[in-house]
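Data first, discussion second: the structure below is written as structure tokens.
Ligands are counted one by one from 1 in listed order, and the atoms in each one are counted from 1 as well.
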Amino acid sequence: MEVVILAGAPEIAALAADAVVALLTSNPGAVLGLATGSSPLGVYGELIRRHREGDVSFGQARAFLLDEYVGLPGDHPQRYRSVIHDELEQYVDFAPGAVLGPDGLSPDIPAACADYEQAIAQAGGVDLQLLGIGTDGHVAFNEPGSSLVSRTRVKTLTAQTRADNARFFSTVDEVPHHVLTQGLGTISDARHLLLVATGRAKAGAIHQMVEGPVSALCPASVLQLHPHATVLLDEDAASKLQLADYYRETYAAKPAWQGL
Ligand code: GLP
């Protein structure tokens with residue numbers, strides 16, 4: 001796992017966008033994995049800016065969302081499929097139908113999960129998966145206790161995650177209890193994992209993810225088993241890392257040809 005500690009959110013956004021642009025330049029038909037939550041918003045802003053400047057096209061790319069609330073109406077602004085449309089898709093040039101998410105309105109949830117796994121596989125798998133992390137160490141909506149080899153399925157949110165996400169709703173009672181999420185095994189199949197985190201509230205989860213045991217108690221720790229995982233942090237999110245100085249030295253001495 002490569003840990004990169006940067007000055008702040010703009011630097012994280014720029015470096016993550018560099019990785020996406022480099023991928024789409026070498027492989028315009030690449031498959032992106034998109035995350036929701038506030039963490040990737042700076043990255044999306046930077047990608048929109050670079051698209052407007054003519055530096056990157058998504059015209060041949062495909063994208064898969066990590067997760068979705070169960071039961072939110074199609075026009076609900078917090079449906080993740082709507083969020084990704086509003087924050088990224090509407091400003092760039094994805095082809096119609098190129099962005100998919102799990103169907104949280106399906107009358108047959110297990111079938112919807114199986115269909116989603118099949119759609120990702122048929123697209124050739126995800127090349128670059130953007131990730132955030134929850135304060136309890138969840139990735140996508142894989143809450144503590146999730147199997148490290150899990151596939152797309154329904155999950156129940158913890159009280160902590162519902163409280164964390166209540167800021168996007170009028171009250172915490174409006175936050176659904178159930179979600180569909182790519183499993184930790186599904187996510188681990190992506191060829192490159194790129195996790196971004198900022199702020200002191202994430203510092204404990206980041207420490208557990210990078211330096212704690214690989215454990216279902218911290219689902220994000222599954223990144224330790226991935227051959228190409230990159231973690232971009234600000235100083236606050238990195239503030240509990242035991243080996244922070246080593247990560248800084250490593251990045252400062254990184255050969256320029258290597259990329260992320
Ligand atoms: C949600 C999402 C995750 C996200 C996490 C952290 O629960 N399902 O994909 O990483 O929250 O969100 P934020 O980036 O807003 O802190």
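For Asp164, no heavy-atom contact with ligand 1 is shorter than 4.0 Å. When heavy-atom distances to ligand 1 are checked against a 4.0 Å cut-off, Glu143 has no atom that comes that close, whether in backbone or side chain. In Ala35, neither the side chain nor the backbone holds a heavy atom less than 4.0 Å from any atom of ligand 1.
The protein heavy-atom contact nearest to atom 8 (N) of ligand 1 is Asp67 OD2, 2.8 Å. The protein heavy atom nearest to atom 14 (O) of ligand 1 is Ser39 OG, 2.5 Å. Considering only non-hydrogen protein atoms, atom 5 (C) of ligand 1 sits nearest to His138 NE2, 3.6 Å. Here the protein heavy atom with the shortest distance to atom 4 (C) of ligand 1 is Thr36 O, 4.0 Å. Of all protein heavy atoms, the one closest to atom 12 (O) of ligand 1 is Gly37 CA, 4.0 Å.
Thr230 and His192 share a side-chain donor-acceptor pair at under 3.5 Å. There is no side-chain donor-acceptor pair under 3.5 Å between Glu143 and Thr156. For the residue pair His51 / Ser57, no side-chain donor-acceptor distance below 3.5 Å is found, with atom types taken as modelled.
Every atom of ligand 1 is numbered from 1 in the order shown, and the set under 4.0 Å from a heavy atom of Tyr80 is 1 (C), 2 (C), 8 (N). Close approach to Lys202 involves these atoms of ligand 1, each under 4.0 Å from a residue heavy atom: 13 (P), 14 (O), 16 (O). Close approach to Phe141 involves these atoms of ligand 1, each under 4.0 Å from a residue heavy atom: 1 (C), 7 (O), 8 (N). With ligand atoms numbered from 1 in the order given, ligand 1 contributes 10 (O) to contacts under 4.0 Å with heavy atoms of Gly132. The contact set between ligand 1 and Ile133, taken as ligand atoms under 4.0 Å from a residue heavy atom, comprises 6 (C), 10 (O). Near Asn165, meaning under 4.0 Å from any of its heavy atoms, are these atoms of ligand 1: 1 (C), 7 (O).
Below 30°, between 30° and 60°, or above 60°: for Phe141 and Tyr69 the angle between ring planes is between 30° and 60°, a tilted geometry.
Summarising the local packing, CZ of Phe168 is surrounded by more than 12 heavy atoms from other residues, nucleotides or ligands at distances under 6.0 Å.
Val43 is listed as a side-chain neighbour of Leu130, based on a closest heavy-atom distance under 4.5 Å. At a threshold of 4.5 Å between non-hydrogen side-chain atoms, the residues Ile48 and Leu88 count as touching.
Using a 4.0 Å cut-off between a side-chain N of Lys or Arg and a carboxylate O of Asp or Glu, Asp236 and Arg200 qualify as a salt bridge.
We find the CZ-CG distance between Arg50 and Asp18 to be 4.5 Å, quoted to the nearest 0.5 Å.
Taking only non-hydrogen atoms, the option from Gly199, Ala201, Ala140 nearest to atom 3 (C) of ligand 1 is Ala140.
Using 4.0 Å as the threshold, Glu68 has no heavy atom nearer than that to any atom of ligand 1.
The six-membered or imidazole ring of His85 lies away from that of Phe94, with a centre-to-centre distance of 6.0 Å or more.
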